[in-house]
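Below, chain A is the first sequence line, B the second, and so on; all start at residue 1. Quantities reported herein were computed from a predicted structural model and do not represent experimental measurements.
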Protein chains: 2
Amino acid sequence: MTKPPMPDLADFSPFRDLPPEGRRLLERGATSRHVPSTTPLLHKGQKASGAYFVLEGHLRVYALAPNGTEATLYTIAPGETCVFALNSLFNDLLYPAWVQAVEPTTLAVLPAATYRQLFAEQPLIRDFTVRTLSSLVFHLMGQLEEVHAYTLRQRLANLLLTHAASSGELRMTQQQMGFHLGTTREVVARLLGEWVDAGLIHTRRGATRLLDPAALSRLLDGSAPSAD
Amino acid sequence: MTKPPMPDLADFSPFRDLPPEGRRLLERGATSRHVPSTTPLLHKGQKASGAYFVLEGHLRVYALAPNGTEATLYTIAPGETCVFALNSLFNDLLYPAWVQAVEPTTLAVLPAATYRQLFAEQPLIRDFTVRTLSSLVFHLMGQLEEVHAYTLRQRLANLLLTHAASSGELRMTQQQMGFHLGTTREVVARLLGEWVDAGLIHTRRGATRLLDPAALSRLLDGSAPSAD
DNA sequence: GCGCCTCTGTAGCAAATGTTACGTAGTCGG
DNA sequence: CCGACTACGTAACATTTGCTACAGAGGCGC
């Protein structure tokens, strides 16, 4: 198969709309990098060397517990940036989590100096930066609240409801769901099992189909957890 | 008692170092507001109307679970800003948590328009904003990781170690520790009780004294939890 | 001192979650 | 069809955490 057209950083907002001198900076500084699936990109404690932008694919940012269980903090889709980079760029803080490509991913990397210059000179980049950081704060606060406020059962129901494609099917193994929620496969299987018995969902290898989304939603508030 | 000198926003970094036209903006726009202790400042879902800066006192940002348990997300000390405001300023997102004064607190409030103008015109304010957001992202990621990766026992030990004053004493009721960690007083009492028996700490009304910080630190990694 | 309030210590039970251990079923390549 | 691999189902058990209930102890005002 022929290579699909190589995406370019300059095609993405906000870089697309930069004035000429901004684009010239990009062209001079940006490099591109391809990472195969499941490749770890960044370790906890490592220092990020520049601003990373996802052009194609997906990155996953996750925490890793001493006992080996993972928990997804957030994911980064094409057109978005790894805020860890921004963090390190402006703060000299070490990155507090791990990053991994979940599918073959193309990144653009801007050296810290270039990004800082863009930030100083280009209002578009400033707004983009603040908005990105700000959304992330919002997202993280939501996650943090979720962990404290909801049971695993509720969070799993929420995962199914929010991530199911329009077809009503979530294509994800139970192991992946476990990682996502910071728990183990067995626990996920147990909970899904309950719902299968109750006729709310149907499971098969690698996917879960929602049969009664309304009933799942109801699980989210009522604290009465199981069927009795 | 005579009023202590009223702190002023213009005395704090980065406002202190603004050029004259920046300070003029401040003087015209900033208002000051005093909040007594334990006053709720902001509800979840409310929209923040401006940028808040703490001049005196402390604010606490927390999540509130349906069952009533709280969990501190972060606190805001004098000289710091409520990033929620920044969030709402730039993103039109609703604030995802609650805010409360934990002691009598004086705030400065900058209208959104004023802050946006400062951000656009003053490099100092830009840097301050990004650095603030960025530290918060860092902090929240750390918290999120902590919740997933460590047991309550470890998180409590960590709380004692990191928050104890230089005297080796933490002035906080067990109820407050519970709120902080998102659990209940009884659970805190049980864990502290273990450590009292083991001679690691000494408790009295309203305070906990560390007797053997080294032993507490050791609890943080070894997954062997209790004494046996 | 007395009453009232808040903070602490403790015990026992219930629920949620993690762990261990195995068996089954789908998928793929030969 | 066979073997290997991966994903899933399930059961029993250990641990952790939350919840209820109550008793004692420190502090404070009267």
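Residues B/Y62 and B/Y74 keep their aromatic ring centres 6.0 Å or farther apart.
Remark on the helix from C/dG1-D/dC30 to C/dG30-D/dC1: inter-end axis angle 30°, axes from five-pair C1' superpositions, rounded to 10°.
For the side-chain hydrogen bond (donor to acceptor under 3.5 Å, both in side chains) test, residues two or more places apart in sequence or in another chain that qualify with B/R209 are B/E169. For the side-chain contact (heavy atoms from CB on, under 4.5 Å) test, residues two or more places apart in sequence or in another chain that qualify with B/H148 are A/A71, A/V147, A/R155. Partners of B/H180 by ring-ring contact (aromatic ring centres under 6.0 Å, His included), not counting sequence neighbours, listed by chain and number: B/H163. Applying the side-chain contact (heavy atoms from CB on, under 4.5 Å) test to B/A189 and every residue at least two apart in sequence or in another chain returns B/Q174, B/R185. Judged as a side-chain contact (heavy atoms from CB on, under 4.5 Å), and not counting sequence neighbours, the contacts of A/S32 are A/M6, A/T106. Contacts of A/A165 classified as side-chain contact (heavy atoms from CB on, under 4.5 Å), with partners at least two apart in sequence or in another chain: A/S167.
Residues A/Y150 and B/V196 both approach DNA chain C. Their nearest nucleotides, taken by heavy-atom distance, put B/V196 toward the 5′ side.
The stretch residues 178-186 of chain B touches DNA chain C through B/R185, B/E186, each having a heavy atom within less than 4.0 Å of the strand.
Listed pair B/Q174 / C/dG9 meets the phosphate criterion, a side-chain N or O lying under 4.0 Å from OP1 or OP2.
The interatomic distance linking B/L152 (CG) with C/dA15 (C1') rounds to 16 Å, in whole Å. Remark: P of C/dA15 and CD of A/Q154 are 16 Å apart, rounded to the nearest angstrom. Atom-to-atom, CG of A/L192 to P of D/dA11 comes out at 15 Å; the value is rounded to the nearest Å. Rounded to whole Å, the distance from CZ on B/R155 to P on D/dT16 is 14 Å. The distance from atom CG of A/D197 to atom C1' of D/dT10 is 11 Å, rounded to the nearest whole Å. To the nearest angstrom, C1' of C/dG18 lies 8 Å from CZ of A/R190. The nearest whole Å value for the distance from the CZ atom in A/R204 to the C1' atom in C/dA25 is 14 Å. To the nearest angstrom, P of C/dC5 lies 18 Å from CD of B/Q175.
Taking only distance into account, the side chain of A/R205 meets the base of D/dT6 through a donor-acceptor pair shorter than 3.5 Å.
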Between side-chain atoms of residues 138-145 of chain A and protein atoms elsewhere (two or more places apart, or another chain), which donor-acceptor pairs fall under 3.5 Å?
from   : atom 1 : to    : atom 2 : distance (Å)
A/H139 : NE2    : A/L73 : O      : 3.3
A/E145 : OE1    : B/K44 : NZ     : 3.2
A/E145 : OE2    : B/K44 : NZ     : 3.0

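Looking at heavy-atom distances under 4.0 Å, A/T203 makes contact with sugar-phosphate atoms alone, never a base.
Each salt bridge (Lys or Arg N to Asp or Glu O under 4.0 Å) pair with one or both residues in residues 57-76 of chain A, not counting sequence neighbours, appears once here: A/R60-A/E70.
Here the CG-OG1 distance, from B/L152 to B/T183, works out to 5.0 Å after rounding to the nearest 0.5 Å. Of the inter-residue distances, the one linking A/T203 atom OG1 with A/I201 atom CD1 reads 6.0 Å to the nearest 0.5 angstrom.
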Could you list all N or O pairs between the protein and nucleotides 28-30 of chain C that sit under 3.5 Å apart?
none

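Within the 3.5 Å criterion, the main-chain N or O of A/E103 finds a donor-acceptor partner in the side chain of A/T105.
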